[in-house]
Amino acid sequence: AAISAPSGLPMHIAIDASASVALCDAPDGRGGAWSPNGVILLAPQSQGPIERVSANGGDATPVTTVDRAHGERGHRYPQFLPDGEHFLYVAVGAVDKVTTYRTSINGGEPEAVCEAGSKAVWASPGYLLFLDTGVNSPHRRLLAQRVDANLHAIGDRQLIVDPVNATNFGYPNVAVDDQGTLVVEHWSMPHERLEWRSFNGTTLSTAVDDISYEAAVLSPDGTRLAYGGTDPPDVFILDLDTKVSTRLTFENRDVTNLTWSHDQKRLAFSRLSQANGWQMYTKATDGTGPDSLVFRGPAMFNFATDWSRDGHWIVAQCADSSGARDLWKVDMTNGGKPTIYQATPGDEQAGNLSPDGKWLVYTVIDGGERALYVQSFPTPGAKYQVTIKNPAGAFWSKGGDILYVGTMDGGIYSIQVSTVGGFRQGATQRLSRLVPTDSFLGSTPDEKKMLIGVTKDLSSVSRLEIVLNWQRLLQSR
């Protein structure tokens with residue numbers, strides 16, 4: 001049997017191909033474990049407690065309590081110990097290291113058993129395996145610690161595999177079984193070719209033959225690309241005519257969700273911190289001045305999604321302490337003062353402002369269903385749902401009379417709209433379709449071309465290293 005999570009809903013799937021069983025809601029899951037006694041543990045949110053649920057489904061109930069007074073932000077990646085009652089989990093919080101705890105499904109005070117760069121994984125006959133450093137480290141190694149029956153350390157930590165990659169906070173990215181088999185994933189960001197395409201999908205020319213990035217976005221005038229580099233991980237601007245990249249930041253930390261101001265003088269972006277999560281910064285595009293922290297946000301995930309044409313507002317997508325995502329507005333004329341745009345039960349994402357700054361289009365994920373809305377801005381009030389199935393995101397045309405919408409199956413649509421006296425939706429036309437390995441990076445001002453990132457060799461991105469009798473690695477060092 002196994003646990004999977006399509007559309008945020010974990011499933012109990014029998015290996016004999018009988019009907020699957022929906023367990024409970026898990027909109028932003030971070031790991032699960034199944035005991036021989038039929039108890040399932042899971043982290044249904046990125047910033048909540050560990051919860052338990054029956055293998056037959058039903059309501060999930062918390063079994064840990066996030067200690068926010070001591071800076072904890074969430075509990076993740078539960079693993080049952082051999083007795084089927086006690087389990088390990090990792091607490092991520094406001095420090096560079098993370099702490100693995102042992103506790104019982106029947107309650108009791110959790111006991112810290114390991115502080116490291118990731119969660120510690122129990123391995124028979126008595127080891128904890130973990131990464132030595134956190135998510136911002138350019139080089140991470142897998143270590144082993146021998147422990148006694150109470151998980152107290154015996155001797156020194158020992159190197160097993162060097163290097164190891166992992167992305168999520170606290171995630172070790174390794175698996176081990178009782179027979180001594182260790183599986184380690186090694187990965188890198190894909191290399192892409194950037195293509196100019198018409199909106200009907202015709203490839204017009206190659207803009208860049210080879211580039212690797214964490215995230216990228218085309219400038220409003222269509223001549224430059226801002227991107228989060230991978231080696232080193234910082235902000236760069238690529239001139240698409242000269243093919244020359246200029247490095248703007250020098251922190252050697254991952255960046256994502258870059259957004260241009262419409263006068264192209266500044267960039268907003270989010271930078272990764274093990275202690276504080278993703279925080280929003282701005283930087284002058286000519287490289288002058290410091291990186292300015294604009295918004296730390298209420299919790300770990302804070303991303304700019306758009307910048308108003310007049311420079312007044314940045315729209316941000318932020319998670320609260322439970323992991324639920326809402327849209328915020330940052331007043332750049334008032335010292336970058338952030339206020340929440342609206343808080344709802346659903347996850348609001350991908351906010352984009354109309355050219356006049358009076359309307360906001362955004363997606364909502366609620367109960368596994370996706371919807372697209374247009375609402376008045378900066379004060380939420382008049383609200384309209386756009387009729388389109390399974391939207392991923394949308395942006396406005398230069399004239400504000402068309403919404404370009406991408407859907408989860410890769411479709412690109414144009415929808416005629418009017419915002420005179422309220423919002424009205426007109427005809428919808430399917431323009432083209434992207435394959436799953438394509439990424440939309442922006443369009444030219446005349447809306448005749450779009451820049452598409454095309455993954456060159458997906459098979460080179462990830463490989464699994466399988467080590468049999470992994471304990472022999474300790475004996476050989």
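In this chain, numbering begins with 1 at the start of the sequence shown. Keep in mind it's a predicted model, so treat the numbers as computed, not measured.
- Every side chain to side chain contact (heavy atoms under 4.5 Å, CB included) that Ser205 has, sequence neighbours left out, goes to Trp196.
- For Ser188, the side-chain hydrogen bond (donor to acceptor under 3.5 Å, both in side chains) test picks out no residue, with sequence neighbours left out.
- No hydrogens or angles considered: a donor-acceptor pair under 3.5 Å links the side chains of Gln342 and Tyr362.
- Between the side chain of Thr305 and the main chain of Gly351, a donor-acceptor pair closer than 3.5 Å is present.
- Every residue meeting the ring-ring contact (aromatic ring centres under 6.0 Å, His included) condition with Trp313, not counting sequence neighbours, appears here in chain and number order: Phe377.
- Geometric assessment of Arg76 against the ring of Phe169 yields a negative cation-pi assignment under the 6.0 Å and 45° thresholds.
- Checked against side chain to side chain contact (heavy atoms under 4.5 Å, CB included), Ala304 has the following partners two or more places apart in sequence or in another chain: Thr259, Ala268, Met280, Ile314.
- At least one donor-acceptor pair under 3.5 Å links the side chain of Gln317 to the backbone N or O of Ala350.
- Salt bridge status for Asp438 with Arg197: present, with a side-chain N to carboxylate O gap under 4.0 Å.
- In this structure Thr242 satisfies the side chain to side chain contact (heavy atoms under 4.5 Å, CB included) test together with Asp239, Val244, sequence neighbours excluded.
- In this structure a side-chain-to-backbone donor-acceptor pair under 3.5 Å is missing from Thr437 to Thr455.
- For Trp328 (side chain) and Asn302 (main-chain N/O), no donor-acceptor pair under 3.5 Å exists by modelled atom type.
- For Arg309, the side chain to side chain contact (heavy atoms under 4.5 Å, CB included) criterion is met by His262, Asp306, Pro355, not counting sequence neighbours.
- Here the side chain of Arg30 pairs no donor or acceptor atom with the backbone of Gly74 at under 3.5 angstrom.
- Residues Tyr227 and Ser245 bring a donor and an acceptor atom of their side chains to less than 3.5 Å of each other.
- Listed by first and then second residue, the ring pair (Phe, Tyr, Trp, His ring centres under 6.0 Å) pairs involving residues 403-437 are Phe199-Tyr404, Tyr384-Phe423, Phe395-Tyr404 (not counting sequence neighbours).
- For Arg266, there are no salt bridge (Lys or Arg N to Asp or Glu O under 4.0 Å) partners two or more places apart in sequence or in a different chain.
- Formation of a donor-acceptor pair under 3.5 Å by the Thr363 side chain with backbone atoms of Gln349 is found in this model.
- Heavy-atom contacts from other residues, nucleotides or ligands closer than 6.0 Å to NZ of Lys383 number more than 12.
- Annotation: Lys243, atom NZ; neighbour count of heavy atoms from other residues, nucleotides and ligands within 6.0 Å is above 12.
- Between the side chains of Thr285 and Gln264, not a single donor N or O lies within less than 3.5 Å of an accepting N or O.
- When atom types are taken as modelled, the side chain of Asn200 and the backbone of Thr202 share a donor-acceptor pair closer than 3.5 angstrom.
- Applying the salt bridge (Lys or Arg N to Asp or Glu O under 4.0 Å) definition to pairs two or more places apart or across chains, those involving residues 207-230 are Asp209-Lys456, Asp210-Lys456.
- Listed by chain and residue number, nothing satisfies the ring-ring contact (aromatic ring centres under 6.0 Å, His included) test with Trp307 (two or more places apart in sequence, or in another chain).
- Side chain of Asp347 to main chain of Arg325: a donor-acceptor pair is present (N/O by atom type, distance under 3.5 Å, no hydrogens or angles).
- Partners of Tyr101 according to the ring-ring contact (aromatic ring centres under 6.0 Å, His included) rule, which considers only residues two or more places apart in sequence or in another chain, are Tyr89.
- Judged as a ring-ring contact (aromatic ring centres under 6.0 Å, His included), and not counting sequence neighbours, Phe130 has no contacts.
- Formation of a donor-acceptor pair under 3.5 Å by the Ser354 side chain with backbone atoms of Gly400 is not found in this model.
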